[in-house]
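No experiment lies behind these values; they were computed from the predicted model shown.
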Amino acid sequence: MNTITQEHIQVGEIANGLPLTIPVYRLQGNGSGPKVYIQANMHGAEVQGNAVIYQLLEQLKTQTLASDITLVPYANPIGCNQKSGEFTLGRFDPITGTNWNRMYHDHSKLIESFVSEHLDAPEEEIKSKFRALLVEKTQAFLDQPAYRVNTGKRIAVTLQHLAHEADIVLDLHTGPISAKHLYCPEYAKASASYFDIEHVLLIPNEFDGAMDEATFCPWWQLSEAFKAQGRNIPVWVEAYTVELGSQEKINLTEAKLDAESILSYLNHKKAFIGAEFTPKPITRYACMLDDYLAFHAPMGGMVEYNAELGSHIKAGDTIAKILRMEQYLSEKPLHEITLDTDAITILHFASASVNQGTELYKFFTNYFEL
């Protein structure tokens, strides 16, 4: 039985001066496997990741570990407590309006000078020194005068500091009403088939503020910078956003399946010794980020969502009906909404009440088998 240790890390202070903390669980392997970091619940309503971390801990305590594994549920203690009546908000910082998952730090300015100083160094030295540099610069950001760092940034960069210690980073999220899907950087496409997730969104190897990008982008940029100097080195870090379904609920049975999916990927990456976690024989469909279609409500009204999650829609199919009772006597009150292209339904808005321009759905278009 593996020992699980728990620590509480301070990520700020609340108005009464008491510390704001997050729980951090750790398991130690024999050091031969990649270091792993997994976090959940950066957005307040996206709670299923906490159930998945529970199921992971239940499994990991009996495995023979090659990897050190760090798990952080409740990654954003402000977000998960942002309530309005019976609903959890917590997608945006209520003070600044910024998405909680867009406050991580961009390290791209470190690349040029590091490459010039280590152009002929051995690979293991490059890897260890670059990791140390990322950790050092992230800590330096946190150590600057407190008045320079807002609440959300301090939470995000504290989490990023933990993640930079790892070779594999998984950020667990959910959609509003959503099918499971995986955000996968294009360079790591081959690894996506080791998750039991049918829908894979291939994203550019570029920084746009999220946790997965904040951790894999520096390593991708490092590899590209060395390549420009005539030397090939691997991209040593993989990071993903794992979308586990719908927000505002947990399902422990599904969480066990999600944990097994993650364990299958980690087993492929040699995080265990003698484990038998393998990917399920499912068909996986991929879509490039540019082809991930956001479909907005063409009119205001009350929506019946007709396109089922994960369903394959044909051009011309009805995806929703919009009811406008204010117009019952003056115009047609019920409108069928169709899609003009073949697509896979990935998620839809949580409420039936929408304004014109509300993002009703997101679809994979121009999709292909992975």
Side-chain angles (χ1 to χ4, degrees), residues 5-26 35-44 49 68-82 90-114 127-173 207-222 236-237 239 241:
T5 63
Q6 181 177 358
E7 176 186 9
H8 283 86
I9 292 179
Q10 185 169 338
V11 294
E13 293 182 357
I14 52 178
N16 61 6
L18 293 177
L20 190 66
T21 64
I22 55 172
V24 179
Y25 296 95
R26 291 189 174 93
K35 291 185 177 180
V36 178
Y37 173 84
I38 302 173
Q39 72 174 34
N41 209 179
M42 189 59 176
H43 289 140
D68 295 343
I69 302 177
T70 300
L71 304 104
V72 181
Y74 309 116
N76 180 357
I78 294 179
C80 66
N81 287 292
Q82 276 180 258
R91 185 170 183 81
F92 303 99
D93 181 335
I95 306 301
T96 66
T98 305
N99 187 326
W100 289 112
N101 194 37
R102 293 296 184 274
M103 299 194 209
Y104 297 97
H105 190 61
D106 183 5
H107 287 298
S108 58
K109 292 181 180 179
L110 302 177
I111 305 299
E112 184 177 352
S113 60
F114 182 89
K127 182 179 179 182
S128 64
K129 287 193 172 181
F130 189 63
R131 185 184 305 284
L133 180 63
L134 292 175
V135 171
E136 173 196 336
K137 293 299 185 182
T138 309
Q139 185 61 55
F141 183 93
L142 295 169
D143 289 342
Q144 66 183 304
Y147 70 84
R148 290 180 172 270
V149 185
N150 69 31
T151 302
K153 193 77 171 181
R154 184 170 296 281
I155 293 171
V157 177
T158 302
L159 295 167
Q160 187 176 353
H161 185 264
L162 293 171
H164 279 320
E165 298 277 6
D167 305 292
I168 292 170
V169 173
L170 303 179
D171 191 12
L172 308 184
H173 285 257
F207 181 75
D208 194 33
M211 168 59 94
D212 54 352
E213 298 154 349
T215 43
F216 76 68
C217 280
W219 296 92
W220 165 259
Q221 292 163 350
L222 184 74
W236 281 300
V237 167
T241 295

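Atom-to-atom distance recorded for Ile69:CD1 and Tyr37:OH is 14.0 Å, nearest 0.5 angstrom. Note that CG of Leu222 is 5.0 Å distant from CZ of Phe130, once rounded to the nearest 0.5 Å. Taking CG from Leu172 and CE from Met42, the interatomic distance works out to 13.0 Å, rounded to the nearest 0.5 Å. The distance from atom CD of Gln160 to atom CD of Gln39, rounded to the nearest 0.5 Å, is 10.0 Å. One distance of note links CD of Glu7 with OH of Tyr25; it measures 12.0 Å at 0.5 Å rounding. Distance CG/Leu159 to CG/Asn76: 8.0 Å, rounded to 0.5 Å.
By the side-chain contact (heavy atoms from CB on, under 4.5 Å) test, Thr158 pairs with Ile9, Val11, Leu142, Arg154, sequence neighbours left out. With sequence neighbours excluded, the residues that form a side-chain contact (heavy atoms from CB on, under 4.5 Å) with Ser108 are Asp106, Gln221. Remark: Leu18 engages Ile14, Asn16 in a side-chain contact (heavy atoms from CB on, under 4.5 Å) (not counting sequence neighbours).
Between Trp100 and Pro94, the closest heavy-atom pair is CZ2-CD, 3.8 Å. Ala166 approaches Val237 most closely through the heavy-atom pair O-CG2, 3.8 Å. Residue Ala40 comes nearest to Gly49 through the heavy atom pair CB-C, 3.5 Å, listed as atom of the first residue, atom of the second, then distance. Between Tyr74 and Pro23 the shortest heavy-atom distance is CD1-CG, 4.1 Å.
Around atom CZ of Phe114, more than 12 heavy atoms belonging to other residues, nucleotides or ligands sit under 6.0 Å away. In the displayed structure, Glu112 atom CD is contacted under 6.0 Å by at most 12 heavy atoms of other residues, nucleotides or ligands.
Pairs of residues two or more places apart, or lying in two chains, that qualify as ring-ring contact (aromatic ring centres under 6.0 Å, His included) and include a residue from residues 135-164 are His105-Phe141, His107-His164. Within the structure, salt bridge (charged side-chain N to carboxylate O under 4.0 Å, His left out) contacts touching residues 127-150 (residues at least two apart or in different chains) are Glu125-Lys129, Lys127-Asp167, Arg131-Asp167.
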Go through Asn101 and Asp171 one step at a time and tell me if the side chain to side chain contact (heavy atoms under 4.5 Å, CB included) criterion holds. CA-CA 10 Å; Asn101 194 37; Asp171 191 12; 3.6 Å; yes

Could you give me the CA-CA distance, side-chain angles and deciding distance for Leu110 and Leu134, then say whether side chain to side chain contact (heavy atoms under 4.5 Å, CB included) is met? CA-CA 9 Å; Leu110 302 177; Leu134 292 175; 4.1 Å; yes

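The closest side-chain heavy-atom distance from Ile155 to Met103 is not below 4.5 Å. A 4.5 Å side-chain heavy-atom check between Ile95 and Asn150 finds every atom pair outside the cut-off. Put simply, the side chain of Thr21 does not reach to within 4.5 Å of the side chain of Pro77, judged on heavy atoms. In this structure, Trp220 and Ile111 have side chains that are not in contact, with every pair of non-hydrogen atoms separated by 4.5 Å or more.
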When the side chains of residues 211-219 are checked against the rest of the protein, which donor-acceptor pairs come out under 3.5 Å, sequence neighbours left out?
residue: Asp212; atom: OD2; partner: Thr241; partner atom: OG1; Å: 3.0
residue: Glu213; atom: OE1; partner: Asp208; partner atom: N; Å: 2.9
residue: Glu213; atom: OE1; partner: Gly209; partner atom: N; Å: 3.2
residue: Glu213; atom: OE1; partner: Ala210; partner atom: N; Å: 3.1
residue: Thr215; atom: OG1; partner: Met211; partner atom: O; Å: 2.9
residue: Thr215; atom: OG1; partner: Asp212; partner atom: O; Å: 3.0

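No donor-acceptor pair under 3.5 Å is formed between the side chain of Lys35 and the backbone N or O of Asp68.
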